[in-house]
Amino acid sequence: MTQIGSAFLPVSNPAVAVEWYSKVFGFKVVSSEAHAAVLESDEPVRKLTLLGPASGISAKPGLPWAPFNLVAEDLEALRERLGEDGDEVGQVSGDDQTCFWFTAADPDGNTLLIVDR
């Protein structure tokens, strides 16, 4: 079976972004360079690659749509943590059949979709 190796996200500064994603979501920092940073989740291992301008990526930070979702064990606790700095965090929506979810943004303005499963 084919699997996804990594999700990619444009950021303005990989070093700053990798620290934020590690702190907020608890991801392990695999590498952090001037052009990109790689984070890893616990089992099952999933990778998130943060691409800065030096990577040559043509996409700019501030994506108005979520290119992937993040699965949270405690949706409400994560929602509260994301809102602690006064950042705008969406209301929890969804249902038991599909999932519960909310949206937020990272410091670069990229839209994040956080789900419970």
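As a basis for the values below, the full set of heavy atoms in this structure was taken, side chains included, without hydrogen atoms, waters or symmetry mates.
Note on Phe100 and Phe25: same hydrophobic cluster, where clusters join Ile, Leu, Val, Met, Phe, Trp and Tyr whose side-chain heavy atoms are under 4.5 Å apart, directly or indirectly. The cluster map of Ile, Leu, Val, Met, Phe, Trp and Tyr, joined by side-chain heavy atoms under 4.5 Å apart, puts Val89 and Trp20 in the same cluster. Both Leu50 and Val24 belong to a common hydrophobic cluster when Ile, Leu, Val, Met, Phe, Trp and Tyr are linked at side-chain heavy-atom distances under 4.5 angstrom. Using a 4.5 Å cut-off between side-chain heavy atoms of Ile, Leu, Val, Met, Phe, Trp and Tyr, with links allowed through other members, Leu51 and Val18 fall into different hydrophobic clusters. When hydrophobic clusters are built by joining Ile, Leu, Val, Met, Phe, Trp and Tyr residues whose side-chain heavy atoms come closer than 4.5 Å, directly or via intermediates, Phe27 is not grouped with Val30.
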Mind listing the side-chain donor-acceptor pairs of residues 63-75 below 3.5 Å, one per line with the distance, residues two or more places apart or on another chain?
residue : atom : partner : partner atom : Å
Asp74   : OD1  : Glu76   : N            : 3.4
Asp74   : OD1  : Ala77   : N            : 3.1

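Residues meeting the ring pair (Phe, Tyr, Trp, His ring centres under 6.0 Å) test with Phe102, sequence neighbours left out: none.
Nearest approach of Pro10 to Lys60, heavy atoms of both residues: CG-O, 3.6 Å. In terms of heavy-atom proximity, His35 sits nearest to Ser55 at O-CB, 3.4 Å. The two residues Ala15 and Ser32 make their nearest non-hydrogen contact at CA-OG, 3.9 Å. When all heavy atoms are compared, the tightest approach of Gly90 to Arg79 is O-NE, 2.8 Å. The two atoms that bring Lys47 and Gly5 nearest to each other are CB-O, 3.6 Å, heavy atoms only.
Atoms CH2 and CG, on Trp101 and Asp116 in that order, are 12.0 Å from each other to the nearest 0.5 Å. Interatomic distance, Thr98 OG1 to Arg117 CZ, rounded to the nearest 0.5 Å: 7.5 Å. With rounding to the nearest 0.5 Å, the separation of CD1 in Ile114 from OG1 in Thr103 is 7.5 Å. With values rounded to the nearest 0.5 angstrom, Leu48 atom CG is found 11.5 Å from Ser22 atom OG.
For Arg46 (side chain) and Leu39 (main-chain N/O), no donor-acceptor pair under 3.5 Å exists by modelled atom type. With hydrogens and angles ignored, the 3.5 Å screen pairs a side-chain donor or acceptor of Asn110 with a backbone N or O of Gly62. Judged by distance alone, with hydrogens and angles left aside, the side-chain atoms of Asp95 form a donor-acceptor pair with the main-chain N or O of Gln97 at under 3.5 Å. Of the possible donor and acceptor atoms, one in the side chain of Asp108 sits under 3.5 Å from a partner among the backbone N and O of Ser12.
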